[in-house]
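Read the structure below first, then the notes.
Atoms considered below: every heavy atom in the structure, side chains included; atoms not considered: hydrogens, waters and symmetry mates. Residue numbers start from 1 in every chain, and the chains themselves are labelled A, B, ... in the order their sequence lines are given, proteins ahead of strands.
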2 protein chains.
Amino acid sequence: MAETLTTTALTLKDIAREAGVSLATVDRVLHNRPGVRPDTVRRVREAIDRNAFQPHVAAAELARSRARRFAFVMPSGPNPFMQQIEAYLGEMSGWLSARRLKVEMIATDVFDPSVLAASLEALSGDYDGVAAVALDHPTVRAAINDLVDAGTKVVTLVSDVPSSRRHHYVGIDNIAAGRTAGALVGRLAGGRAGKVAVVAGSQGLRDHAERIFGFNQVMAAEFPDLSVLPVLEGRDEDSRSEQVLARLLGRHADIVGLYNVGAGTQGVAQALSEAGRDKVVFVGHDVTALTRRLLLQGVMDAAISQNPGHEARAAVRVLLALARGEPILREQEKIRIDIVMRDNLP
Amino acid sequence: MAETLTTTALTLKDIAREAGVSLATVDRVLHNRPGVRPDTVRRVREAIDRNAFQPHVAAAELARSRARRFAFVMPSGPNPFMQQIEAYLGEMSGWLSARRLKVEMIATDVFDPSVLAASLEALSGDYDGVAAVALDHPTVRAAINDLVDAGTKVVTLVSDVPSSRRHHYVGIDNIAAGRTAGALVGRLAGGRAGKVAVVAGSQGLRDHAERIFGFNQVMAAEFPDLSVLPVLEGRDEDSRSEQVLARLLGRHADIVGLYNVGAGTQGVAQALSEAGRDKVVFVGHDVTALTRRLLLQGVMDAAISQNPGHEARAAVRVLLALARGEPILREQEKIRIDIVMRDNLP
DNA sequence: CTCAAAATGAGTTGCGTACCTCAAAACACC
DNA sequence: GGTGTTTTGAGGTACGCAACTCATTTTGAG
């Protein structure tokens, strides 16, 4: 009836006895310190595996009195999504200080590869872990690899740099996000035929490009009655987004759907309402104060969201697990693609 | 540029000095031990607050050598959702044992109030925390309150007992889940007029009743062209669900939507396909191997899901925080209502 | 003022690990 | 066999707190 899921607690001393060596040797093996014969290493490792030994997290943490330092490298300038991440980190301050963790925010121009790379290089040695919103660019990739080589744990946040040797990526699969947006626009259009507009920040941004790719995939395969118009670039700015979209709406009377890939949501909504096109199915990204309002008003129909609070916490947990050498709970740290409509607004 | 989010690390000794008392007195205050004058308690508390003192989690954990025991009281019998929760707890075993936590699964008939209450009472004293899938019934409520009074931390899981003094509820808002289902059925029906069928396990179950309530709310308010048929009771069984639904489908040719509130999904899908009614918008609950397949095949259109992995982990984290006297990260532990469609299948 | 009760101080021990030193043993090489 | 090097053992200290004991001081009631 009652089934135990955990094993009994062993200590290093037990492992030492099992392996027939002293505590010091076990310690050397555990921390990859030199001066142990390969054969002895093997014996110790075997004893550890055989007993599924887990070092006591609390004891380990206590013993290494040095506090851990993590840096979050984020875009400078006002970006609601990033501000939310910052806010959630602030909410964790009690949790962090109880674990003697120091988290610092570093604002930089993440869109300039050389500036970003320089910011990353400057962190080397000072931090145990770095979470960065990074561009996928050779210079940045090199900076990340340098950090990794220096022993710093590196996590990419929101936007990945898959070609680098970063330890982990905390963010969503943007192609799947685009596919989801496509399915929503198509299904919510409810069989109407017509055109679909797409507004992005820039097709040069990896995440935007991936979303558009996924979006087009689904539209082409499943909604033959809907034709996707060429992508508008709004540079994530309200005014420009409004401008380009207004022009497009003027030219096409049969637009039934709209996918806003990045920010500039305010401008997009404005253009729609000024053109009196509130029947257009409008799908966008992220739950902010603005999109929340638009969803409640029925202007937006759905938002694709990656929970920023979850991302912030996952980044910290992953960095901590990496620093401690603990396994990562992949399932827990995976960021889901949330579909948010009016009735399941968080 | 670099802004620190945490404060410097103080220790109990610092607090003692600040408050002008000895370590022993601080310890007494911190653990609510008797023998301290109210005025002194106040002084110590003030020193703690003034410095936003956080006991070092690792040190505290290490000092209390006793391992913590948590019990998960779950329904007996084969229930895929519950099995998933069990599986995720199993995946955490490394994480658990590194923290010297013991989690035990206790299967019982959660639908029989007296049996459930007896199971709960039996736990008293042996466990630091209990997570229970519980019925909302006076007898159960009393058993929960008894546990709480005995100092055990109690968390309700999936289904709440709001009238009890349980410390926390880990699960979704079922009314909002029902509303979301309603919005999905209505929107995905795409303007078609007709009838909507609802299949539930039993209207006596609190969570099912709440979902139906939310569903009807939205349908009545927003989709006047759709009329909801009386709720069918399938007792969460495949065969019975298929039977009752098949009969209903035979009687009504104009059914355009279907909401399956509980389990029995296999039977519901079977009835639909045998009647050749694959155009019916089908919304159900939970992502299992079955619903995953149905979504991919296009039989189901959307599933409302509460991530069982998240629920399992949240329950453990909440119990641990409660046991340690740490604050709970409400935002983190909140269970979201996930809308899962084919393209954002996790 | 007296005396018991209450409040407080001072101190100890142990939790399991990290990190360090120093000496002893084992080994390799000529 | 002697030398130098590598490997191993033994042991200590520190980390911050929980939990406890025992002596001492303070307090309040009579």
Side-chain angles (χ1 to χ4, degrees), chain A residues 7-45 47-48 51-68 97-101 128 151 320 323-326, chain B residues 7-45 47-48 51 53-68 97-101 128 151 323-326:
Chain A
T7 49
T8 7
L10 294 180
T11 74
L12 280 181
K13 218 186 292 185
D14 301 311
I15 299 302
R17 188 160 14 85
E18 276 254 345
V21 298
S22 74
L23 261 176
T25 301
V26 177
D27 183 69
R28 289 181 184 111
V29 171
L30 219 55
H31 299 93
N32 303 310
R33 279 190 257 274
V36 183
R37 230 174 317 166
D39 181 60
T40 313
V41 173
R42 197 181 41 70
R43 263 166 50 224
V44 175
R45 287 254 155 78
I48 290 177
N51 299 288
F53 169 74
Q54 291 270 10
H56 193 312
V57 170
E61 209 55 33
L62 181 57
R64 62 180 320 287
S65 38
R66 207 179 113 261
R68 295 186 199 275
S97 72
R99 287 159 184 75
R100 301 298 185 266
L101 298 176
D128 302 280
L320 184 55
R324 286 176 172 169
E326 282 187 307
Chain B
T7 49
T8 7
L10 296 180
T11 72
L12 279 182
K13 216 188 293 186
D14 301 311
I15 298 301
R17 188 158 17 83
E18 276 253 344
V21 298
S22 74
L23 262 175
T25 301
V26 176
D27 183 69
R28 289 180 184 113
V29 172
L30 217 56
H31 299 92
N32 304 310
R33 281 190 255 275
V36 184
R37 227 174 320 164
D39 181 61
T40 313
V41 172
R42 196 181 41 71
R43 262 166 50 224
V44 174
R45 287 254 156 78
I48 290 177
N51 299 289
F53 170 73
Q54 291 271 8
H56 193 314
V57 170
E61 207 56 32
L62 183 56
R64 61 179 322 288
S65 40
R66 209 179 112 258
R68 297 184 200 275
S97 73
R99 286 160 185 75
R100 301 299 186 263
L101 297 176
D128 301 280
R324 286 175 172 169
E326 281 187 307

Between protein and nucleotides 18-30 of chain D, map the contacts as a letter string: B base, S sugar-phosphate only, - none, heavy atoms under 4.0 Å, written 5' to 3'. SB-------S---
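In this entry the distance linking CZ of B/Arg42 with C1' of C/dA7 reads 16 Å, nearest Å. Atom CZ in B/Arg17 sits about 16 Å away from atom C1' in C/dG9, given to the nearest Å.
Under the rule for a side-chain hydrogen bond (donor to acceptor under 3.5 Å, both in side chains), the partners of A/Arg17 that lie at least two apart in sequence or sit in another chain are A/Asp14. Evaluation of the salt bridge (charged side-chain N to carboxylate O under 4.0 Å, His left out) rule for A/Arg42 yields A/Asp39, A/Glu46 as partners, not counting sequence neighbours. For B/Arg64, there are no salt bridge (charged side-chain N to carboxylate O under 4.0 Å, His left out) partners, not counting sequence neighbours. For A/Arg45, there are no salt bridge (charged side-chain N to carboxylate O under 4.0 Å, His left out) partners two or more places apart in sequence or in a different chain.
The side chain of B/Thr40 contributes an N or O atom lying less than 4.0 Å from OP1 or OP2 of C/dT8. Remark: B/Thr25 is in phosphate contact with C/dG9, judged by side-chain N or O atoms under 4.0 Å from OP1 or OP2.
Nearest nucleotide to the side chain of A/Ser22, out of C/dT17, D/dC17, D/dA10: D/dA10.
Nucleotide D/dG30: paired with C/dC1 (Watson-Crick or G-U wobble, both distances less than 3.5 Å).
Listed by first and then second residue, the salt bridge (Lys or Arg N to Asp or Glu O under 4.0 Å) pairs involving residues 53-63 of chain A are A/Glu61-A/Arg68, A/Glu61-A/Arg324 (not counting sequence neighbours).
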